[in-house]
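Notes to accompany the following structure.
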Amino acid sequence: MNMNDDIAKIIVDRNEIQKTVKKLGERISEDYSGKDLLLVGVLKGAVVFMADLIREITIPLDMDFILVSSYGDSTESSGVVKILKDIDTNIKGRHVIIVEDLVDTGLTLTYLKKLLETRGPSTLSICTIFDKPARKKVEIDIKYKGIEIPDEFVVGYGLDYAGRYRNLPDLCSLKPEVYERR
Ligand code: IMP
Ligand code: MG
């Protein structure tokens, strides 16, 4: 089985993604020059973006990861966020950026931001490669925002459906029959 057979449409192609990642990396390099920068990636979706982003940042940095569950295997936010693996790094006094694949309702990042803020970072901001503005349930300040996308379920570039399709290089929508298979 080839994953490409399940793709309905390319929503954002790999070239546009790479151009956007480069711009975000340049901005972060400028803004955090001379600062103790720590990137915290939200597993598992942000892994692909994180790998590309750090190579577009030209200043020293550390990285860590946090694993949260918000969706299970469904395509709708439950609003319930559970920390399945916490970061190992002490973030007190450090400049932290949370790196996310996609901000949808905003519930996950609102929770994460509150949690990390209690640990006393010097600054705490958010960087996401994709944003679905139409779906926001809470107001959330995204300092580094990549590409706004329509209100449609997407996969690829780290994003999954039921654990699959994260390795597609483009951001895609799936054919309806893919959802009917389960
Ligand atoms: P939020 O809490 O609603 O903002 O969504 C948090 C997470 O849900 C995102 O970081 C994604 O990992 C996942 N998610 C939201 N929309 C989609 C989608 O269209 N495809 C795949 N994952 C999604
Ligand atoms: Mg996900």
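All ligand and atom numbering here is 1-based and tracks the order in the structure. All values below were derived from every heavy atom in this structure, side-chain atoms included, with hydrogens, water molecules and symmetry-related copies excluded. Here the structure is a predicted model, which is why all the values come from computation and not from measurement.
With sequence neighbours left out, Asp62 forms a salt bridge (Lys or Arg N to Asp or Glu O under 4.0 Å) with Arg94.
Residue contact check for ligand 1: Val155 places no non-hydrogen atom closer than 4.0 Å to it.
Distances below 4.0 Å separate heavy atoms of Thr108 from the following atoms of ligand 1: 1 (P), 2 (O), 5 (O), 6 (C). Using a 4.0 Å cut-off to heavy atoms of Thr105, the atoms of ligand 1 that qualify are 1 (P), 2 (O), 3 (O), 4 (O).
More than 12 non-hydrogen atoms from other residues, nucleotides or ligands lie less than 6.0 angstrom from CD of Glu177. Sparse packing is recorded around NZ of Lys19, with 12 or fewer heavy atoms of other residues, nucleotides or ligands lying under 6.0 Å away.
Counting heavy atoms closer than 4.0 Å to ligand 1, residue Val154 contributes atoms from both its backbone and its side chain. Proximity of Lys137 to ligand 1, defined as any heavy-atom pair under 4.0 Å, is not found for any part of the residue. Contacts with ligand 1 closer than 4.0 Å are made by backbone heavy atoms (N, CA, C, O) of Asp160 only, the side chain lying farther away. Looking at Glu100 against ligand 1, only its side chain comes within 4.0 Å, counting heavy atoms.
For ligand 1, the polar-atom distance check finds no N/O of Val103 at less than 3.5 Å from any of the ligand's N/O atoms. Taking distance alone, with nitrogen or oxygen atoms compared against 3.5 Å, Leu159 stays at or beyond that limit from ligand 1.
If you check the side chains of Tyr161 and Asp6, you find no donor sitting under 3.5 Å from an acceptor.
Between Gly146 and Leu24, the shortest heavy-atom distance links the atoms CA-CD1, 4.1 Å. Across Val96 and Pro121, no two heavy atoms sit closer than the pair CG2-CB, 4.0 Å.
A donor-acceptor contact shorter than 3.5 Å links the side chain of Asp64 to the backbone of Asp88.
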